[in-house]
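Down below is the structure, laid out as structure tokens.
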Amino acid sequence: MTIGSMPGSSGYLNLYPERKISYFSNPYVLGLTVTAGIGGLLFGYDTGVISGALLYIEDDFEAVKESSFLQETIVSMALVGAMIGAASGGWINDSYGRKKATLLADVVFAVGAVVMAAAPDPYVLIVGRLLVGLGVGVASVTAPVYIAEASPSEIRGGLVSTNVLMITGGQFLSYLINLAFTEVPGTWRWMLGVSGVPAVIQFSLMLFLPESPRWLFIKDDKTKAIAVLSKIYSPDRLEDEIDSLSAASEEECRRKNNVRYRDVFKSKEIRLALLAGAGLQAFQQFTGINTVMYYSPTIVQMAGFSSNQQALLLSMIVAAVNAAGTIVGIYLIDHVGRKKLALASLSGVLASLAILSGAFFAESSDSTNGVYGWLAIIGLALYIACFSPGMGPVPWTVNSEIYPEAYRGICGGMSATVNWISNLIVAQTFLSIADAVGTGATFLILACVAVLAIVFVGIFVPETKGLTFEEVEKIWKERAWGSSEGKESTEGLLEDEA
């Protein structure tokens, strides 16, 4: 069997177009995706809810009101937990499976939600934030990998992007919850505590869902794997998929069974894949997305809209555009491709950051002109509209498909850790930099980062649209050792199938 005729490859699907699967044609796969995507909902909700809850936490705890350090710690402790969760989540995924990792994340998140809701003082609240962060970190690694490994290659990008839709939907939901509980006694406790409900729902649903079929194959539990695959593929394609997975699992078994962190850096092709994956995750954050999401009310007020209610309403519109853009991305990522979509997205981000920078520079020299405030709002909306279909889903999708099976969990965890570290750096420095050099100059810095991101994607990120995991692995071998050696490596991989 040649690589071009492997099941799921473009060549195979051209030969057998009737075996191609569309996004909505298999309810079972869609159900797996949505259930796993609840982890993304938890991710998005937690990043968005704290901005509104903090206002009421200050009212209940005088110590928090008087200490900016405590305020920052309450916000950032979830990010610290997420970094630890993501770093350990890769190992948990590879050792115990995607399903058990998801169940563990749900338990930790639900416990954290209860601790936050019942916190008698800010220090217990901080412990709850750490626990919630741990759950979010593990989920951020697990959900994309679980979805990707259960997805037919022709719709893998759209299905993994559904997880990103759940993230953006969670952020929008957090704004609605913040508004809903503003007049309810115990406001912030409800805002934070209600986040445990989706974790309990996902835990309950995951009990009835299978383990990833690829992970089961690698762990030599082929009977269970085939039972899962039979619900995903038609009988005609099922046999080919099983043959392909059997060959891939035999290759994986010839490698080290227990991959350690240092092993990632010993292999040139894995280093190249990690560079592309981690670089995408870093640029996703350093081009400013969570600056916009965390601080959109502040940015709106900086733009001249002093009313809290008006700022919150405009921020909700930003969150709604973010969710809508992700829906567009679900369609585009498997039709346009990952690389082209990322480059187009970054080009739009660059233009919108230039508009934002110009608006704030102009506003600082002529604060009486309200046009500049509206120009800043347009820049914000354009930023989200350009970012959300591309640089929102692309890093998570690419990271779910560019690593070999044995490395997928550990490398995905390392890349997600880079995302959370970058997230923390941006969240902790944006307002300080804006105070030091001005908001206009800060957005100009982000625009320069966007230029670097365009260059990075153009050089280091390959196109993976419609490719099987084995075809993607071949790309890294060719980049690492040249076409001829990559070809020999791939032939070695497939020689048992011939």
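With sequence neighbours excluded, the residues forming a side-chain contact (heavy atoms from CB on, under 4.5 Å) with Val160 are Pro144, Ile147, Ala148, Arg156, Thr397, Ser400, listed by chain and number. Partners of Tyr261 by ring-ring contact (aromatic ring centres under 6.0 Å, His included), not counting sequence neighbours: none found. Scanning for side-chain hydrogen bond (donor to acceptor under 3.5 Å, both in side chains) contacts around Ser345 gives an empty result, with sequence neighbours left out. Scored by the ring-ring contact (aromatic ring centres under 6.0 Å, His included) test, Tyr331 finds His335 as partners (sequence neighbours excluded). With sequence neighbours excluded, the residues forming a ring-ring contact (aromatic ring centres under 6.0 Å, His included) with Phe387 are Tyr383, listed by chain and number. Shown here are the side-chain contact (heavy atoms from CB on, under 4.5 Å) partners of Thr442, two or more places apart in sequence or in another chain: Phe430, Ile433, Ala434, Val437. Contacts of Lys231 classified as salt bridge (Lys or Arg N to Asp or Glu O under 4.0 Å), with partners at least two apart in sequence or in another chain: none.
The side-chain hydrogen bond (donor to acceptor under 3.5 Å, both in side chains) contacts involving residues 186-205 comprise Asp60-Trp188, where partners must be two or more places apart or lie in separate chains. Evaluation of the salt bridge (Lys or Arg N to Asp or Glu O under 4.0 Å) test over residues 197-215, restricted to residues two or more places apart or in two chains, returns Arg214-Glu405, Arg214-Glu470. Sequence neighbours left out, the pairs with a member in residues 136-145 that pass side-chain hydrogen bond (donor to acceptor under 3.5 Å, both in side chains) are Asn93-Thr142, Ser140-Trp420. Among residue pairs with one or both ends in residues 106-133, those qualifying as side-chain hydrogen bond (donor to acceptor under 3.5 Å, both in side chains) are Asp46-Arg129; sequence neighbours excluded.
Between Glu401 and Arg408, no side-chain nitrogen of the basic residue sits less than 4.0 Å from a carboxylate oxygen of the acidic one, so the salt-bridge criterion is not met.
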Side chains of residues 447-457: which donor-acceptor partners sit under 3.5 Å, not counting sequence neighbours?
none

